[in-house]
Amino acid sequence: MLQDAAKSISSVLLPKAEIRACETPVLRNLGLTDFLSTYDAMRRFTDTRGPATPDELWVLEHRPVYTVGLAGRKEHLPGASEIPLQRIDRGGQVTYHGPGQAIVYTLVDLARLRLEVPAMVALIEDAVIETLAAHGVRAARKPGAPGAYVEGAKVAALGLRVRRGCCYHGVALNVNMDLTPFSAIDPCGYPGLQVTQASALGIAGGARELGSELASRIASLIGRK
């Protein structure tokens, strides 16, 4: 399924005047996936897409993995652990992914939408805040620390990479997962940062359901651009 997603590239390039910049992104539910195969698929998609390729949002969960962004520092990383650690090309520092966490990867042509990176980050944060608000939970931003927070505890982490004017990676919303692995790291590079999740905030529903809801809100906000 990941290969199909990575190959979903239009073989016909429309003349520039015919390119529609605000088409609704394609939503794909990929289920539980290994991180590295998904990471490779995102990069292939981004490297081979053309000016008229529709944007895509991938909704999924990952098997347990720590990922370290370009700003990652050794002091924030876990010690000896059975959970694999992968250094990757997104911004930010270290975080954890595992089953029960709703991930939405945003494969979006920012140049076509005339969106700067800060605006895309804000759009994703808005979608998370709106999703939680729909379930009666008030979340907020934290200046200088992308993501979403509830009473100071992080409920969603966000990191992007931009290449050829297009972004990939995206947002991870904690839903009903084992939060223990976060205690071995400084989440997103912040010592002592508390993390929380939707189930602890009284929100029913699994990662697939909330991930699909979040992706739909991201798509809706993109469609208004």
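Computed from a predicted model, the values in this text were never measured in an experiment.
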task: Could you walk me through whether Ser216 and Leu27 pass side chain to side chain contact (heavy atoms under 4.5 Å, CB included), step by step?
output: CA-CA 8 Å; Ser216 294; Leu27 272 58; 3.8 Å; yes
query: Is a side-chain N or O of Asp34 found less than 3.5 angstrom from the main chain of Leu36, in a donor-acceptor match?
result: no
- prompt: Is the closest side-chain heavy-atom distance between Lys154 and Gln194 below 4.5 Å?
  reply: no
message: Please check: side-chain N/O of Ser212 versus main-chain N/O of Arg208, any donor-acceptor pairing under 3.5 Å?
response: yes
- prompt: Taking all non-hydrogen atoms of both residues, which atom of Thr33 and which atom of Leu30 are closest, and how far apart?
  reply: CG2-O, 3.6 Å
Any donor-acceptor pair under 3.5 Å from Arg217 side chain to Val128 backbone: no
task: Test Val68 against Ile88 for side chain to side chain contact (heavy atoms under 4.5 Å, CB included), laying out the working first.
output: CA-CA 6 Å; Val68 187; Ile88 58 174; over 6 Å; no
field: Distance (rounded to the nearest 0.5 Å) between Leu107 CG and Arg28 CZ
entry: 10.0 Å
- request: Evaluate side-chain hydrogen bond (donor to acceptor under 3.5 Å, both in side chains) for His97 paired with Gln86, printing each intermediate quantity in order.
  value: CA-CA 11 Å; His97 301 304; Gln86 301 292 340; over 6 Å; no
query: Taking the side chain as C-beta and beyond, is there a heavy-atom pair between Val117 and Cys167 under 4.5 Å?
result: no
query: Shortest non-hydrogen contact from Leu115 to Ala119?
result: CD2-CB, 3.6 Å
task: Taking all heavy atoms of Val104 and all of Gly211, pick out the closest pair and write down the distance.
output: CG2-O, 3.7 Å
- prompt: How far does CZ of Phe182 sit from CG of Asn174, to the nearest 0.5 angstrom?
  reply: 4.5 Å
message: On a heavy-atom basis, which atom in Asn176 and which in Gly206 lie closest, and how many Å separate them?
response: ND2-CA, 4.0 Å
field: Leu32 backbone acceptor or donor facing Glu61 side chain under 3.5 Å
entry: no
- prompt: Quick one: is the NZ or CZ of Arg49 closer than 6.0 Å to the six-membered ring centre of Phe45, and within 45° of its axis?
  reply: no
statement: Val171 and Ala156 have their tightest heavy-atom pair at CG2-CB, 4.2 Å
task: Kindly indicate whether the side chain of Pro181, heavy atoms from C-beta on, has any atom under 4.5 Å from the side chain of Tyr66.
output: yes
message: For a salt bridge (Lys or Arg N to Asp or Glu O under 4.0 Å) check, start with the C-alpha distance between Arg141 and Asp126, then their side-chain angles and the critical distance, and finish with the verdict.
response: CA-CA 9 Å; Arg141 294 182 174 85; Asp126 284 342; 2.4 Å; yes
Approximate separation, where rounding is to 0.5 Å, of Gln197 CD and Leu210 CG: 11.0 Å
query: Is there side-chain contact between Asp55 and Arg112, with at least one heavy-atom pair below 4.5 Å?
result: yes
Over all atoms of both residues, closest heavy-atom pair of Ala139 and Ile129: O-CG2, 3.8 Å
- prompt: Under a 4.5 Å cut-off applied to non-hydrogen side-chain atoms, are Thr38 and Trp58 in contact?
  reply: yes
query: Side chains of Glu213 and Leu173: closer than 4.5 Å at any heavy-atom pair?
result: no
message: Side chains of Ile222 and Leu123, heavy atoms from C-beta outward: is any pair under 4.5 Å?
response: yes
message: I'd like to know if the side chain of Arg138 and the backbone of Ala133 have a donor-acceptor N/O pair within less than 3.5 Å.
response: no
- prompt: Checking Tyr96 side chain against Thr180 main chain: does a donor-acceptor pair fall under 3.5 Å?
  reply: no
message: Ring centroids only, cut at 6.0 angstrom: are His169 and Tyr39 within range, meaning strictly under it?
response: yes
field: Leu60 with Val26, same ILVMFWY side-chain cluster at under 4.5 Å
entry: no
query: Roughly how far, to the nearest 0.5 Å, is the CG atom of Leu113 from the CZ atom of Arg224?
result: 14.0 Å
query: Is the shortest heavy-atom distance from the side chain of Leu221 to the side chain of Glu130 under 4.5 Å?
result: yes
message: Less than 6.0 angstrom separating the ring centers of Tyr105 and His62, yes or no?
response: yes
message: One pair to check against side chain to side chain contact (heavy atoms under 4.5 Å, CB included): Leu158 and Val121. What are the steps and the verdict?
response: CA-CA 8 Å; Leu158 192 161; Val121 169; 4.0 Å; yes
side-chain hydrogen bond (donor to acceptor under 3.5 Å, both in side chains) between Thr67 and Arg90, worked out: CA-CA 9 Å; Thr67 64; Arg90 62 163 169 78; 3.0 Å; yes
message: Given 3.5 Å as the limit, does a donor-acceptor pair link the side chain of Thr106 with the main chain of Leu57, or not?
response: no
field: Derivation and outcome, salt bridge (Lys or Arg N to Asp or Glu O under 4.0 Å), residues Arg163 and Asp47
entry: CA-CA 8 Å; Arg163 204 154 67 189; Asp47 287 343; 3.0 Å; yes
